[in-house]
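Structure first, then comments.
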2 protein chains.
Amino acid sequence: MKKSTIQDVADLAGVSITTVSRVINKNYPVKESTRLRVNSAIDKLNFRPNLLAKGLIQSCTKTIGIITPSIENLFFSEVIKGIDSFIRPMGYSTILCHSEGDNKSEVDMIHNLLNRQADGIIMIDPRKENIDSGFIEDLSKSIPLVLINGFYDGVKCNYILNDATSGVIEALNYLLGEGCTKVTLLRGKHSYSYDIKEEVYRDFILKKSDYCKVLSIDEGNDLKSVNSAKLKVISALKEKKSAPDGIICCNDWMAVGALHAAKSLGIKVPGDLRIIGFDNTIISQITEPDISTVDQQMTILGQLAAKRIYTMMTTDDHEIQKIFLETKLIIRNS
Amino acid sequence: MKKSTIQDVADLAGVSITTVSRVINKNYPVKESTRLRVNSAIDKLNFRPNLLAKGLIQSCTKTIGIITPSIENLFFSEVIKGIDSFIRPMGYSTILCHSEGDNKSEVDMIHNLLNRQADGIIMIDPRKENIDSGFIEDLSKSIPLVLINGFYDGVKCNYILNDATSGVIEALNYLLGEGCTKVTLLRGKHSYSYDIKEEVYRDFILKKSDYCKVLSIDEGNDLKSVNSAKLKVISALKEKKSAPDGIICCNDWMAVGALHAAKSLGIKVPGDLRIIGFDNTIISQITEPDISTVDQQMTILGQLAAKRIYTMMTTDDHEIQKIFLETKLIIRNS
DNA sequence: TTGTAAGCGTTATCAT
DNA sequence: ATGATAACGCTTACAA
């Protein structure tokens with residue numbers, strides 16, 4: 001059953017390919033009777049228009065690429081659903097790529113999207129190395145690009161950002177208010193969103209206390225991070241006098257790891273140790289105790305990014321914008 | 001900065017486009033010196049080959065589509081990672097589509113993939129409606145197609161399947177062996193994998209007991225399913241004499257919901273109620289108690305599917321195959 | 001209302 | 001070792 005082309009349809013309906021194209025795209029008047037003939041030929045041949053040919057001639061594929069570090073962190077899932085909920089009704093499809101946190105893969109995937117003539121790219125939490133190298137900034141000159149939670153001061157791009165500053169500070173204030181004196185930050189490597197949190201943490205904590213300690217695990221977004229966070233926190237908790245009594249974790253997976261670390265050592269949460277996560281994914285609600293966390297409004301984050309890139313693709317507004325979204329500390333029982 | 005084409009490169013390097021193509025694809029001998037000239041022109045112009053044009057002429061895009069009901073269920077994430085781990089090293093890219101469990105979306109996405117000239121499609125847990133309507137079986141005649149966990153007896157397709165029969169039976173045997181007398185099954189709608197589990201459950205339980213009860217929630221794969229499972233189980237537990245003392249849940253999210261239901265009613269797990277999940281995602285390890293569950297070897301599942309579709313795409317082996325994968329009950333503390 | 005023909009950016013075929 | 005030219009399947013002036 002070979003694929004049929006617009007020519008086959010034209011032959012069967014006894015019209016020219018131009019007419020077939022007009023019937024398909026409904027962009028020019030076609031006599032009702034021929035329209036019906038063409039449509040029945042389309043059905044009979046099970047004709048499907050070749051989007052490669054269409055995209056080639058129109059230099060527009062109605063496609064946006066989404067690059068995410070992982071599909072195992074519900075933060076990303078929610079953002080992606082937010083993007084889709086806005087952009088698909090506008091007639092666009094999305095190509096979802098997950099880099100597994102590897103900067104080389106990220107570059108490969110972007111090249112692939114460019115080669116496929118994607119109309120725009122949204123990157124969630126881009127890899128630090130690719131921002132530092134200037135790759136991302138260059139990229140944004142050649143295609144509509146929006147970064148979600150990957151802000152770096154000197155880099156000219158379109159950003160949709162959580163106000164991580166306010167999130168970290170809110171969490172810190174809460175922990176200090178509850179009497180914690182040794183609050184540490186648990187982060188992963190290779191992401192600017194972690195860097196920013198760390199920076200805010202350091203700035204703030206040094207004004208209030210002389211305890212300042214950052215724990216770092218390798219990859220923060222895959223499932224292994226639960227266990228690596230656990231191990232890292234266990235060894236921190238075992239240090240006699242410098243053991244933390246409060247931990248701010250850069251995402252909920254790490255917070256689960258921290259919680260398990262405490263449990264395995266018989267340390268009471270929140271009695272002896274307070275834990276705060278980031279993202280407010282459902283993960284933070286299903287542990288015992290459930291975990292206090294910073295809500296980042298992921299769906300809205302995704303929708304804003306989609307809206308912004310839609311504007312950039314459909315108008316000549318290519319300005320650099322930075323859109324901030326509030327975060328909100330959700331107090332639970334950790 | 002307009003996109004440059006192979007013609008621009010040819011002009012700059014002072015050769016024909018044919019030579020440029022040869023340099024890019026390394027498929028014909030080219031003199032070293034011209035090769036260097038061409039490559040430097042490519043760099044200078046920042047040339048990227050247009051895959052639409054290439055795909056158009058080669059009728060092959062080195063692309064496979066993956067259709068999944070959800071990106072919020074770690075079962076799917078793991079399967080997808082398994083697929084990618086096999087197929088990307090072979091030079092293929094993947095287009096990931098999530099239908100949110102909607103059969104209409106599923107059809108749209110498949111059409112989109114066909115129009116984009118994907119070389120093959122892997123569907124994870126396809127929607128029941130689209131199998132029943134014959135859509136899927138027709139589809140498999142026009143493109144290499146592999147279904148993961150969506151077997152239906154009369155439908156001629158390539159399948160990679162968990163032996164759900166053995167999983168359910170193992171779970172049932174375990175619960176009955178532990179003294180449960182009222183074991184119920186908790187499932188979602190619209191998926192054959194649920195149907196199969198229900199069928200096995202009914203067949204088996206009716207031989208051993210006169211208690212047979214199936215609880216069903218709407219969508220089983222998104223985050224809301226935790227809460228809908230909880231509500232459903234609460235109302236089941238409240239029924240005086242017919243309240244279950246064992247629940248087999250069709251995935252780990254539902255199992256978490258069931259666990260929360262028991263907790264909210266002060267029912268002890270596993271003392272008064274035993275719960276078994278499906279999938280062995282990390283979710284089942286982070287609750288308290290941690291949840292016994294049926295491991296489905298998701299990574300291998302994905303790899304087998306990728307391997308099978310790769311064979312179908314690269315050889316003329318288009319036979320119908322059914323590949324089964326063992327499941328394994330993991331006993332924890334629920 | 002319909003048709004003819006040029007062209008999108010590649011690869012493939014056949015020359016040289 | 002290199003080049004000219006015809007495809008691939010569609011859209012879009014321009015004609016009729």
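The figures that follow rest on heavy atoms only: side chains count, while hydrogens, waters and symmetry mates do not. Naming convention: chains lettered A, B, ... in sequence-line order (proteins, then strands); numbering from 1 in each chain.
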Hey, does the side chain of [X] come within less than 4.0 Å of [N]'s phosphate (OP1/OP2), counting only N and O?
X         : N       : result
Asn25(A)  : dT11(D) : yes
Ser21(A)  : dT11(D) : yes
Gln58(B)  : dT10(C) : no
Gln117(A) : dC8(C)  : no

- For Thr34(B), which contact category applies under a 4.0 Å heavy-atom criterion: base, sugar-phosphate, or nothing? sugar-phosphate
- Query: Hey, does Leu52(B) reach any base, or is it just sugar-phosphate, or nothing, if we go heavy atoms under 4.0 Å?
  - Reply: nothing
- Message: Heavy atoms from C-beta onward define the side chain here; which of dC10(D), dG3(C), dG9(C) lies closest to that of Ala53(A)?
- Response: dC10(D)
- Nearest to the side chain of Arg22(B) - dG3(D), dC8(D), dC8(C)? dG3(D)
May I have the distance from [X] (atom [atom1]) to [N] (atom [atom2]), rounded to whole angstrom?
X        : N       : atom1 : atom2 : answer
Arg37(A) : dT2(C)  : CZ    : P     : 8 Å
Leu45(A) : dG9(D)  : CG    : P     : 14 Å
Leu51(B) : dG9(C)  : CG    : P     : 14 Å
Asn27(B) : dT11(C) : CG    : C1'   : 9 Å
Lys26(B) : dA1(D)  : NZ    : C1'   : 17 Å
Phe47(A) : dG9(D)  : CZ    : P     : 10 Å
Lys54(A) : dC10(D) : NZ    : C1'   : 9 Å
Tyr28(B) : dA12(C) : OH    : C1'   : 7 Å

- Would you please say whether a donor-acceptor pair under 3.5 Å links the side chains of Glu106(B) and Asn130(B)? yes
Salt-bridge test for [X] and [Y]: reply yes if a basic N is under 4.0 Å from a carboxylate O, no otherwise.
X         : Y         : result
Asp317(A) : Arg308(A) : yes
Lys62(B)  : Asp119(B) : no
Glu78(B)  : Lys81(B)  : no

- Any donor-acceptor N/O pair under 3.5 Å between dG9(C) base and Arg48(B) side chain: no
- Item | Donor-acceptor pair present, Thr18(B) side chain and dA4(D) base, under 3.5 Å | yes
- Query: If you pin Thr19(A) and Ile6(B) to their nearest nucleotides in DNA chain C, which one's is more 5'?
  - Reply: Thr19(A)
- Message: Tell me whether Asp43(B) at atom CG has more than 12 heavy atoms from other residues, nucleotides or ligands lying less than 6.0 Å away.
- Response: yes
- Message: Go nucleotide by nucleotide along DNA chain D from the 5' end; which of Ser16(B) and Ile24(A) gets its closest nucleotide reached first?
- Response: Ser16(B)
